[in-house]
Structure formats: structure tokens, C-alpha cells
Amino acid sequence: MTTHEYTAGATPPPGAPRVRTEPAAVPVPAAAAGKPGRDRYLDLLRSIALVRVVLYHLFGWAWLSVLFPSMGVMFALAGSLMARSLSRPAWSVIRGRVRRLLPPLWAFSAVVLALMFAGGWNPAHDPDTGGGVWGVAEVLNYIVPVGAPPYPAHAGSESGLLESSWAEQSAGPLWYLRAYLWFVVASPLLLWAFRRVPWATLLAPLALTAVIGTGLVTIPGETGNAVTDFAVYGGCWVLGFAHHEGMLVKVPRYLAISGSALVMAFALWWASGHLGSEGWDLNDIPLADALWSFGFVVILLQYSPSWKELPGRLARWDKLVTLSNNRAVTIYLWHNMVIMATVPILDRMYSLPFMDSDRAAAALDATYTLWTFVLVWPLIGLAILAFGWIEDIAAKRGPRLWPNGAKPRGGGPRGGHRAAGAEAPPRGGHRAAGAEAPPGDGHRV
């Protein structure tokens, strides 16, 4: 935040000693005083990332991972916010981040585990979890996501309300929370290292990805997955540090853009020789994902315009951008379950009286995915109404049903532009910009 100096007092007479005076208290206009110091450009990026995540899991288009690498973008935004928050004692910052993350997770886990147990799942007898005491202990990852939470390989039925892979679809997104939690815990050390050896700290995750993400060194099991996630997105997290510390603006733009283009070109070349069953899905190609995300984020942050308001035609999306930032955790946690919920709802349409003809049924078949796309957004809205207020409780503020920044009829702004995940400052301070969304079906998004 830029500080301003104001001249105070009259001009001293010639020859008189100049005395440095403290700036006088200057009244701040009401509109400016109530306006949090948010960067709406970063808010917009976060909203785009969340929408892209929903579209990826809705349509399954692999090329979306190339068009906009959501996870890399969101880790970078979270890293920038974390660096800003670490101007305060590290333990209080980590505690605040964890406090904001866990209650929304607990609400989600309560629903998912209740459905799993109601379906007959017993982690003590599940061979996929190893069973016994260890299998039961792994369930604790639904409470504190230090590892991968277990789930039954098959639950429900193809003909029921919940198809057989619903548990995997629901628990899949929790990998992000695990990675985010470890980044938060490691941030004080990472920021310390970055301020002393910035380039080495920035490039170390890419080097680690080149070792463990290409098969040169293999770490088995969920430990390997966790280390790979940390390496792949560690560069983007540290890029967030670089953005906050002003390192990126010191690099000439032509050099940053041309270097990023080369890195991204290498990422596509590497991906072309390592395509998996999903084709150009970079989420399945760790080195390509790390390099593409890194270069993409550098370009986005190099052109960061630091908007205080969304400009021009983007202003019409202001309320939705504010809402998605304030409810990023809720949207991310529940979006896959919401997508699955569209199926039994749309299937009921075949029972409507005017759907008796083959022509009507064929028309619905042909437009089924389109109707799913239309239906998923109001269902996400219902999830926000049902569970989003938990984010407010976790942030120690009054619960709000629809915090889109709209002004109530009686007066000032309601909900503001403060996003979930932004640390609350000391009284009289300013809100930090940014939110952590945390965004699976077991695939990286």
C-alpha cells in the first residue's frame, strides 16, 4: 500500500531553520474510508479460475488445463497473500489460515462421511485403505487434511441417486486442501529463504519436479503424490512471494515475457511426448503442468494492473466476482457434488408428460450436457446459501447468506470486497487482498 506525505504548516521565512513536522491528520472521505484495499484484478483471476474448475469437471475438456491453469493461478494468488500476511508473527498467521480452512471442510466431511457410512463403508475393513486401525486413522484426514482422505472405490449404484464413483468424485478435490495446508505451514521458511536467495528458491520447485515428476526418482503412494503436488505448484506459490515483494516488476517486461514463452513452449513440447489417456491434459503430466503454470502466472502477474474497481464492461460482473471470492472455499468443496446432483434432477425430466414421445426424449438426450451446464450454477448458489456462511463463522465475523458486495437499502456496503481467506488485520487496519480457494474427481484441475 502506498503511503502519502502531506505538507503541514506554512512556508518558513527565508533563513529560518526547516523543522520536519509530522503530517497533520487529514480527513478521509467516507467512500474511501470504507473501501478495503483490494486488488480487483487478482479477484477476477480467482473467479475465472473457479469457473474454469467447474467447467473442467463438468465437460472434461482436457484442453482447459492449457487454456487457463487454474491451480497454478490460485496457488500464486494464495502465496502473494501469505507473504503479505507474514508481516505479522508467523504462528498467528498459520493459525488464522488453518482456522479459516477447517470449519468449511468439517461441514463438507460430515455430509460425505455420513453418506459413505450409510452406504455400508467401513474403513477398518476396506482393503484399499489397508484396513484395521490405520484405515480408521486415515479418516482423520477429513478433519485435518495432512494426508489423502480415504473413500470406497465403489459406492452407490449406476441406477441409484448416487452413481458408483460418487465418493471418489466428492473426495477428489481435497488434494488441494492438503497441498494448501502444507504450503501455509512451510511459508515462513520459504519466505525466509526467498528473501535471501530469491532465484534459487523460485526455481527449486521446478528442479524438484524435473526429478520426481519425470520418473527419475519415484516416491510411492500418497507420499509421492503429496511431494509431487508440492513441487509442481511450489514455483507458483513462490511466484506469489515475488509478486508481493516487488521482484517481478524489477525484471524487464520483454525479458519476463520472452522467457515465459520459452518455458511454456518447452512445456508443450514435453507434453506432446508424454500424452496420457486424456490427451492434452497437463494435470497428468507433472513437468509440463509445472512449467506451463509457471510461465502463465509470470505473464499474468507482469501485466497486473492493480485495479481498485473492475473497469468498463467487466464492472457488470463485480457482484459475482465479489461473491465467488467470498465463497471460494465453499464453491471449490461442493462443486463436484453439485455437478453429480444435476444428473438425478435432469433424469426426472424424462418422466414429464410432454416427454413421452421419442422425439422429445431424443432432444433431451442431445442437449443433456447443455442443461447440466445451465442447472449447475443455481445449484452452486444453493450450496453457497446452505454452507457458505460457515466461512464467515470461521473468519470470526457475522454470517452472511449472499456476500456479493451489494448495498442494503438502508445504507453502506454489505459483504464488501473482502474475500474468504484474507486475514483479518488489527483494528483500524486494512484488509489484505485475496482469497484462497481452495479447486476433482481425483484429477488435478
Side-chain angles (χ1 to χ4, degrees), residues 46-61 64 70 103-116 118-119 151 155-156 158-174 176-177 317 319-352 355 364-392 399-404 406 415 419-420 435 437-443 445:
R46 189 175 297 105
S47 297
I48 294 173
L50 284 171
V51 170
R52 206 284 284 159
V53 166
V54 175
L55 294 179
Y56 176 88
H57 290 117
L58 182 60
F59 297 111
W61 295 332
L64 285 173
S70 286
L105 171 64
W106 293 340
F108 175 81
S109 298
V111 173
V112 171
L113 287 174
L115 291 174
M116 290 180 184
Y151 51 82
E158 297 297 337
S159 59
L161 289 177
L162 297 173
E163 52 92 17
S164 60
S165 67
W166 77 265
E168 179 183 0
Q169 301 285 330
S170 300
L174 299 185
Y176 175 89
L177 274 66
W317 302 100
K319 292 180 181 178
L320 288 178
V321 169
T322 300
L323 177 66
S324 61
N325 275 262
N326 278 312
R327 293 294 180 258
V329 179
T330 299
I331 294 171
Y332 177 70
L333 281 173
W334 292 94
H335 77 277
N336 252 11
M337 291 197 73
V338 164
I339 291 173
M340 289 184 287
T342 63
V343 176
I345 295 174
L346 289 176
D347 285 350
R348 298 293 296 174
M349 294 180 63
Y350 289 99
S351 302
L352 296 175
M355 294 296 297
L364 181 56
D365 289 341
T367 58
Y368 197 95
T369 302
L370 174 62
W371 287 111
T372 302
F373 172 78
V374 172
L375 184 58
V376 73
W377 305 110
L379 291 181
I380 287 177
L382 290 176
I384 290 173
L385 290 172
F387 303 103
W389 57 271
I390 299 174
E391 293 192 54
D392 293 326
R400 301 165 295 171
L401 287 179
W402 199 254
N404 65 348
D441 52 3
H443 298 290
V445 293

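Worth saying up front: this structure is predicted, and the values here are computed from it rather than measured.
Partners of Trp61 according to the ring-ring contact (aromatic ring centres under 6.0 Å, His included) rule, which considers only residues two or more places apart in sequence or in another chain, are Phe59, Trp63. By the side-chain hydrogen bond (donor to acceptor under 3.5 Å, both in side chains) test, Ser324 is found to be paired with Ser47, residues two or more places apart in sequence or in another chain being considered. When the side-chain hydrogen bond (donor to acceptor under 3.5 Å, both in side chains) test is applied to Trp317, no partner is found at least two apart in sequence or on another chain.
Formation of a donor-acceptor pair under 3.5 Å by the Asn336 side chain with backbone atoms of Gln169 is found in this model.
Residue pairs that meet the side-chain hydrogen bond (donor to acceptor under 3.5 Å, both in side chains) test with at least one member in residues 371-383, sequence neighbours left out, are Thr367-Trp371.
Here the OH-CG distance, from Tyr56 to Leu64, works out to 8.5 Å after rounding to the nearest 0.5 Å. Atom CG of residue Leu323 and atom OG1 of residue Thr330 lie 9.5 Å apart, to the nearest 0.5 angstrom. Put simply, CG on Leu370 and CG on Leu375 are 11.0 Å apart, with the number rounded to the nearest 0.5 Å. How far CG of Leu113 is from CH2 of Trp106: 14.0 Å, rounded to the nearest 0.5 Å. Separating the NE2 atom in His335 from the CG atom in Leu55 is a distance of 10.0 Å, to the nearest 0.5 Å.
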Report the C-alpha separation of Lys319 and Trp402 in whole Å, then their side-chain angles, then the decisive distance to 0.1 Å, and conclude whether the side-chain contact (heavy atoms from CB on, under 4.5 Å) test is met.
CA-CA 10 Å; Lys319 292 180 181 178; Trp402 199 254; over 6 Å; no

side-chain contact (heavy atoms from CB on, under 4.5 Å) between Phe387 and Arg327: does it pass, once the steps are laid out?
CA-CA 9 Å; Phe387 303 103; Arg327 293 294 180 258; over 6 Å; no

After noting the C-alpha distance and the side-chain angles of Ile384 and Trp334, does the key distance pass the side-chain contact (heavy atoms from CB on, under 4.5 Å) rule?
CA-CA 9 Å; Ile384 290 173; Trp334 292 94; over 6 Å; no

Is there a side-chain contact (heavy atoms from CB on, under 4.5 Å) between Tyr151 and Val112? Walk through the geometry before answering.
CA-CA 9 Å; Tyr151 51 82; Val112 171; over 6 Å; no

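Side chains of Pro104 and Leu333 form a contact here, defined as non-hydrogen atoms less than 4.5 Å apart. Inter-residue side-chain proximity for Leu174 and Leu105 is flagged as met; some heavy-atom pair is nearer than 4.5 Å. When side chains are defined from C-beta on, Arg400 does not count as touching Trp389, because their heavy atoms never get closer than 4.5 Å.
Residues Ala328 and Glu391 come closest through the heavy atom pair N-OE2, 3.9 Å. Here the closest heavy-atom approach between residue Leu58 and residue Phe373 is recorded as CD2-CA, 3.6 Å.
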Please table the atom pairs, donor to acceptor, closer than 3.5 Å between any side-chain atom in residues 338-347 and protein atoms at least two apart or in another chain.
from   : atom 1 : to     : atom 2 : distance (Å)
Thr342 : OG1    : Ile339 : O      : 2.5
Asp347 : OD1    : Tyr368 : OH     : 2.8

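There is no side-chain donor-acceptor pair under 3.5 Å between Ser170 and Glu168.
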